Amino acid sequence: MLDPKFVRENIELVKKSLENRNYDISLEEFLKAEEEKRLLQQKADELRNKRNVVSEEIGKLRSQKKDASELIKEMKVVSDTIKGFDEKLKLLEDSTINFLLNVPNIPHETVPVGKDETCNVEIRRWGEPKNFDFEPLNHWDIGEILGIIDFERASKIAGARFSIMKGSGAKLERALMNFMLDNNISNGYTEVFPPIIVNRESMQGTGQLPKFEAELFRIVDPEFYLIPTAEVPVTNIHRNEILNEKDLPIYYTAYTPCFRREAGSYGKDVRGLIRQHQFNKVEMVKFVKPEDSFNELESLTNNAEEILQKLGLPYRVVVLCTGDLGFSAAKTYDIEVWLPGQQKYREISSCSNFTDYQARRANIRFKREGKKGTEFVHTLNGSGLAIGRTLVAILENYQQKDGSVVIPEVLRPYMKLEVIKNTINP
RNA sequence: GGAGAGGUGGCCGAGCCGGUCGAAGGCAGCCGCCUGCUAAGCGGUUGUGGGGGUAAAACCUCACCCAGGGUUCGAAUCCCUGCCUCUCCGCCA
């Protein structure tokens, strides 16, 4: 959420931001309501002050056994007036907050302005897409040949966009989790394993609600939401807290399953592991001081890249333009891994700085040493990495002519295996 | 699932037959005094958010004693609902 005071004082900047993000929202109504709210609040506060003073007076008269019925009568009217003001105030407050909850974060000045994903800008590449001396297969074909992924039975159990990992496939999934967690831990992140169903307040704290309800799986009775990313529970760890300056920065990493409805993506990636309703992910989350957050975004992104480098998977980093930038983010780098089966770079990580946007929603503050008052922290997060997609990348990049898949060196201690051999369909 | 206890400031802990309670007392923290140094001791001070005010402060004011409603001229204190914690019983990975 943006600071109402900030919006009030930076109308042009906010308008520009909305325009660059292709949002068609007018600020006029909000500003009017905001102004009205402040005036009304002043009036109500004055009356409350009067009531406080006179009520105390009544108390004194009472204790002296003197008559106070005139004052009581008078205050009854005042109280009714206050009640009326409060009702109006509540409506105005609701409408201003509701408005702000639907206004996206302001993109950082280094974010390229552009309409849609075609305007994203590639920042760097690492590794060379390998030349195969045979036609590289899609991961779902590899999975079938090796007997390590079963989509058909998964759809029997749950439905479309689910999968069963089997044998060496399941083991590879597990190895990736552990390798990624260990790597993040060695980069200074503290491992956490949070709840994966959460309450409404948490979803609102990180910005999934109220705007993106359609993306979420929901449990109706009692009301809970399945997390679409570990960002939700992990960022909310410090909801409604005031942290000490000396505690910052805080780095967390978490493995969790993630659940997404994928509404509106019916035609896309219908085959394979790329777009599933349930998938595993290792996430990195940071709480930092405002002045550090954009440097922290660079190191966060580097931490994610390091994993791909160690796995020997070619990738590129792109910075999202204003039109493609996520709702709560001020700046986002997507990391895209090379998939030989698709001859394309595909997103495998998304690293974002949310500045104070989530912190204000979730009310996460910190106190500077020797300074009065509090400030909102800046929050960041990034995948490090999406496990299913990493597994896809390994199958496709490390496939051999005979259908087998070589296990990347760094995973061998975890797998206790060097090659997933093709014993089923040689 | 059944029975009971409780949620107060950074922490501990009073208040809870309604008024002078933003809230006693203690601890911790900060400032000063004292002391050869340390400890002890003495005095002062210490929350968050909103609105107004200011160049910035000072300052004024409202709200906040788990959350949301209600009663009342007035609520930490009374009533209702919800959430959470603890103890006992049952059930269970």
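The structure presented is a predicted model; accordingly, all values stated were derived computationally and were not measured.
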May I have the distance from A/N240 (atom CG) to B/C66 (atom P), rounded to whole angstrom? 15 Å
With no hydrogens and no angle check, do the side chains of A/T235 and A/N381 hold a donor and an acceptor under 3.5 Å apart? no
Under 3.5 Å side-chain donor-acceptor pair for A/Y315 and A/Q309: yes
Determine the Euclidean distance between corresponding C1' atoms of B/G22 and B/U46; express it in Å to zero decimal places. 13 Å
Closest to the 5' end of RNA chain B, once A/V54 and A/K367 are matched to their nearest nucleotides, is A/K367
Across the strands shown, which category fits A/K5 at heavy-atom distances under 4.0 angstrom: base, sugar-phosphate, nothing? sugar-phosphate
Describe the nucleic acid contact of A/K50 in one word from base, sugar-phosphate, nothing, applying a heavy-atom distance below 4.0 Å. nothing
Rounded C1' spacing from B/C65 to B/G13 in Å: 13 Å
At 4.0 Å (heavy atoms only), tell me whether A/I58 reaches a base, stays on the sugar-phosphate, or touches nothing. base
When you compare B/G52 with B/A58, how far apart are their P atoms, in angstrom units rounded to a whole number? 16 Å
Roughly how far apart, to the nearest Å, are B/G9 and B/U48 at atom P? 14 Å
Taking the same atom, C1', in B/A28 and in B/C86, what whole-Å distance lies between them? 26 Å
A/K37 near the nucleic acid: base, sugar-phosphate alone, or nothing, with a heavy-atom cut-off under 4.0 Å? nothing
Across all strands shown, which nucleotide pairs with B/A55 by Watson-Crick or G-U wobble geometry, both distances under 3.5 Å? none
Report which part of the nucleic acid A/T374 touches: base, sugar-phosphate, or nothing (heavy-atom distance under 4.0 Å, all strands). sugar-phosphate
Pair A/S350, A/D334: side-chain N/O donor-acceptor within cut-off below 3.5 Å: yes
If we call it a pair only when both distances are under 3.5 Å in a Watson-Crick or G-U wobble match, what pairs with B/C17? none
Could a donor-acceptor pair under 3.5 angstrom be found where the side chain of A/R38 meets the base of B/G52? no
pair_partner(B/A23), Watson-Crick or wobble, both distances < 3.5 Å, evaluates to none
Across all strands shown, which nucleotide pairs with B/G74 by Watson-Crick or G-U wobble geometry, both distances under 3.5 Å? none
For B/G43, give the paired nucleotide (Watson-Crick: N1-N3 plus N6-O4 or O6-N4; G-U: N1-O2 and O6-N3; both under 3.5 Å), or none. B/C31
Looking at the rings of A/F294 and A/H378, which for Trp means the six-membered one, are their centres under 6.0 Å apart? no
Counterpart base for B/C88, defined by Watson-Crick or G-U wobble contacts under 3.5 Å: B/G2
Is there a Watson-Crick or G-U wobble partner for B/A67 with both distances under 3.5 Å, and which nucleotide is it? B/U81
Do A/N199 and A/S202 have side-chain atoms, one donor and one acceptor, less than 3.5 Å apart? yes
Taking atom types as they are modelled, would you say the side chain of A/D45 forms a donor-acceptor pair with the base of B/G50 within the 3.5 Å cutoff? yes
Using a heavy-atom cut-off of under 4.0 Å over every strand shown, decide if A/R51 touches base, sugar-phosphate, or nothing. sugar-phosphate
Pairing partner of B/G49 (Watson-Crick or G-U wobble, both distances under 3.5 Å): B/C62
